[in-house]
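Letters A, B, ... are given to chains in the order of the sequence lines, protein chains preceding strands, and every chain is numbered from 1.
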There are 2 protein chains.
Amino acid sequence: MMLSDAMEDYLKAIYRLQSETGTPVSTSAIAEEVEKTAPTVTSMVQNLAERGLVEREKYKGVELTPEGETVALEVVRHHRLLEAYLTEQLDYSWVDVHEEADTLEHHISEEFEQRVAEMLGDPDVDPHGDPIPGADLRPLDGDETTPLSDHDAGDRVVVSRVRDRDEAELAYLDDAGIRPGTVVDVVNVAPFGMVTVRIDGDEQSLPEAVARTIRVRPARADRTPTEGVSDA
Amino acid sequence: MMLSDAMEDYLKAIYRLQSETGTPVSTSAIAEEVEKTAPTVTSMVQNLAERGLVEREKYKGVELTPEGETVALEVVRHHRLLEAYLTEQLDYSWVDVHEEADTLEHHISEEFEQRVAEMLGDPDVDPHGDPIPGADLRPLDGDETTPLSDHDAGDRVVVSRVRDRDEAELAYLDDAGIRPGTVVDVVNVAPFGMVTVRIDGDEQSLPEAVARTIRVRPARADRTPTEGVSDA
DNA sequence: GTCGTGGATTAGACGTGTCTAATGAATAAG
DNA sequence: CTTATTCATTAGACACGTCTAATCCACGAC
Ligand SMILES: [Mn+2]
Ligand SMILES: [Mn+2]
Ligand SMILES: [Mn+2]
Ligand SMILES: [Mn+2]
């Protein structure tokens with residue numbers, strides 16, 4: 001099936017929204033995600049439904065079919081492999097890679113995908129900590145991470161993934177030394193505004209808007225997998 | 001100026017045809033090069049003329065303006081850098097790179113171009129021996145090479161460039177051990193058909209259709225630049 | 001239950017790149 | 001010169017992705 005860039009972007013958007021909420025996705029949510037108007041989305045969604053890539057209930061919402069999900073996973077795989085490749089092989093900063101990958105994801109061949117994956121040793125996360133779908137395009141596991149802003153003073157957590165779309169935000173995080181793998185101690189959570197954390201001994205405060213986009217997992221005490229859930 | 005992939009491809013086509021013949025380019029020649037119908041070409045050429053990228057004389061032909069040539073050179077630079085990059089860094093065969101580059105050339109950023117060029121050490125030819133325009137996009141020098149088929153028995157020549165668009169042909173050349181830099185002794189030129197050559201001691205015959213697409217330069221006796229024209 | 005309102009869809013339009021069919025221009029052959 | 005042939009252009013159509021304006025539907029407030 002020959003799909004346009006636009007169609008791929010809509011499928012990716014629906015995929016993302018669907019994974020976030022678990023429920024059918026609204027026209028307006030898609031419109032916001034792809035930065036198009038609602039009627040534009042309606043007509044594209046009709047098109048995708050005719051091709052069997054989404055299931056649609058009028059006035060209700062839209063869901064990916066298994067085929068649609070596979071396409072979305074392919075695009076996401078391209079995107080995240082490219083991000084990894086650009087940072088590791090071409091010396092891009094993780095701040096800039098998203099935009100470049102967002103275009104290239106639609107234009108690389110299967111061969112390119114394979115060679116890049118091989119060159120990188122089949123990585124399973126991209127530079128922002130987002131999981132890279134495998135070549136088989138099986139659905140990804142559910143996300144176990146929690147927003148940093150949901151944690152309490154005293155918690156010790158490890159940064160798992162950060163949002164990759166906002167360059168200013170990434171630059172901020174980069175500067176703060178926050179990236180996947182960073183160990184963070186939550187020092188204080190003020191009711192409304194700042195989250196104060198300690199990183200590498202330094203204390204600093206993060207606006208809640210930022211803390212909400214940093215996804216973390218519990219730091220198991222000093223890397224000893226004592227009470228780990230299945231990790232194999 | 002925001003140009004579509006299609007416009008870039010037409011400009012590249014006009015550029016190629018113009019460098020080959022030196023004269024204004026006909027609608028039908030462009031049509032053949034881009035694999036579109038003549039009316040399609042006419043309308044695109046009108047569009048390009050309105051944008052000041054080509055100079056057009058109705059029923060006569062079309063020529064690039066300096067701005068149009070600059071765009072063409074940019075696309076050609078992308079194409080050839082990508083080909084070099086794919087072969088050198090991603091282990092592509094020179095047989096396959098053309099197609100991949102033909103798409104990607106329209107979708108890489110200036111940053112990508114720069115990083116690739118840097119990574120490769122600013123190469124000046126691509127894997128097929130075609131010159132890569134510099135970052136300044138100055139027009140390329142004229143081509144000094146001659147078709148192998150124009151040579152006579154007894155000539156010793158060095159392969160300079162081969163045609164990159166025909167994968168079957170490239171596979172053939174690859175197999176024959178013919179690539180840029182290969183030293184070739186012309187053993188015999190039959191009036192119509194074969195050109196017999198010696199490469200690395202082995203004699204083999206090439207169909208004239210192939211010999212015509214292999215561009216060579218004289219092998220200066222054993223790499224001693226005695227009677228060289230200006231080479232600095 | 002009715003109704004108002006917000007979100008979704010339909011209607012209708014436009015720009016782009018492409019096509020086929022019809023027409024027009026340049027030129028080579030007589 | 002006139003004409004036949006070839007090549008280019010114009011005319012008109014279509015698919016696609018997008019928009020704005022008009023209409024429609026669902027659902028929460030009453
Ligand atoms: Mn995209
Ligand atoms: Mn990412
Ligand atoms: Mn191209
Ligand atoms: Mn080439």
Side-chain angles (χ1 to χ4, degrees), chain A residues 1-15 17-18 20-21 23-64 68 71-72 75 102-103 105-107, chain B residues 1-15 17-18 20-21 23-64 68 71-72 75 102-103 105-107:
Chain A
M1 193 168 358
M2 196 57 229
L3 302 177
S4 66
D5 300 10
M7 288 187 278
E8 291 184 350
D9 277 337
Y10 282 89
L11 291 171
K12 193 176 62 159
I14 295 164
Y15 174 79
L17 294 166
Q18 199 171 255
E20 268 169 21
T21 67
T23 62
V25 178
S26 73
T27 299
S28 48
I30 301 171
E32 165 147 36
E33 182 83 10
V34 301
E35 300 183 274
K36 298 280 144 58
T37 63
T40 299
V41 172
T42 297
S43 96
M44 179 57 90
V45 160
Q46 285 165 345
N47 183 345
L48 294 172
E50 275 160 25
R51 293 172 190 255
L53 297 168
V54 302
E55 197 74 59
R56 176 173 132 78
E57 199 152 357
K58 237 168 124 175
Y59 291 102
K60 286 296 177 46
V62 75
E63 279 177 297
L64 295 173
V71 173
V75 179
D102 234 3
T103 303
E105 63 188 4
H106 311 291
H107 302 290
Chain B
M1 190 166 4
M2 197 55 232
L3 302 177
S4 67
D5 299 10
M7 287 187 279
E8 291 184 351
D9 277 337
Y10 283 89
L11 291 171
K12 193 175 62 159
I14 295 164
Y15 175 79
L17 294 165
Q18 198 172 256
E20 268 169 21
T21 67
T23 61
V25 178
S26 72
T27 299
S28 48
I30 301 171
E32 164 148 38
E33 182 83 12
V34 299
E35 300 182 275
K36 298 280 143 57
T37 64
T40 299
V41 172
T42 297
S43 96
M44 179 57 90
V45 160
Q46 284 164 348
N47 182 345
L48 294 172
E50 275 159 25
R51 291 172 191 257
L53 297 167
V54 303
E55 196 74 59
R56 175 171 133 78
E57 199 153 358
K58 235 165 123 176
Y59 290 104
K60 287 295 177 47
V62 73
E63 278 175 300
L64 295 173
V71 173
V75 179
D102 234 3
T103 304
E105 64 188 4
H106 311 292
H107 301 290

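Following rounding to the nearest Å, B:M2 (CE) and C:dG15 (C1') show an atom-to-atom distance of 15 Å. Put simply, CD on A:E32 is 12 Å from P on C:dA8, counting in whole angstrom units. Across the protein-nucleic acid pair, B:D5 atom CG and C:dG17 atom C1' stand 12 Å apart, rounded to whole Å. Spacing between atom CD1 of B:I30 and atom C1' of C:dT18 amounts to 16 Å, rounded to whole angstrom units. We find that NZ of A:K36 is positioned 16 Å from C1' of C:dC14, with the value rounded to whole Å. In this structure, A:Y59 atom OH and C:dT5 atom P are separated by 19 Å, rounded to whole Å. Here C:dG17 presents its C1' atom at 13 Å from CG of B:D9, a figure rounded to the nearest Å.
The side chain of A:T27 contributes no N or O atom lying less than 4.0 Å from OP1 or OP2 of C:dG7. Note on B:S43: every side-chain N or O is 4.0 Å or more away from OP1 and OP2 of C:dG17.
Boundaries of the chain A contact region on DNA chain D are D:dG17 to D:dC27, first to last in 5' to 3' order (nucleotide atom under 4.0 Å from a heavy atom).
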Worked verdict on B:V62 versus B:L48 for side-chain contact (heavy atoms from CB on, under 4.5 Å): CA-CA 10 Å; B:V62 73; B:L48 294 172; over 6 Å; no
Starting from the C-alpha separation in whole Å, work towards a yes-or-no answer on side-chain contact (heavy atoms from CB on, under 4.5 Å) for A:L53 and A:L3. CA-CA 11 Å; A:L53 297 168; A:L3 302 177; 3.9 Å; yes
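Going from atom NZ of B:K36 over to atom CE of B:M44 covers 8.0 Å, rounded to the nearest 0.5 Å. Here the straight-line distance linking atom CG of B:D5 with atom CE of B:M7 works out to 9.0 Å at 0.5 Å rounding.
Across all strands shown, A:S28 has heavy atoms under 4.0 Å from sugar-phosphate atoms exclusively, and none from any base.
In terms of modelled atom types and a separation under 3.5 Å, the side chain of A:E33 and the main chain of A:L17 share no donor-acceptor contact. In this structure, B:Q18 contributes its side chain and B:L64 its backbone to a donor-acceptor pair below 3.5 Å.
In the set C:dC19, C:dT9, C:dG17, the nucleotide with an atom closest to the side chain of A:K58 is C:dT9. Checking C:dA21, C:dT9, C:dT18 against the side-chain heavy atoms of B:A6 singles out C:dT18 as nearest.
Nearest-nucleotide mapping onto DNA chain D: of A:V41 and A:K60, the residue sitting toward the 5' end is A:V41.
Judged as a ring pair (Phe, Tyr, Trp, His ring centres under 6.0 Å), and not counting sequence neighbours, the contacts of A:H107 are B:H107.
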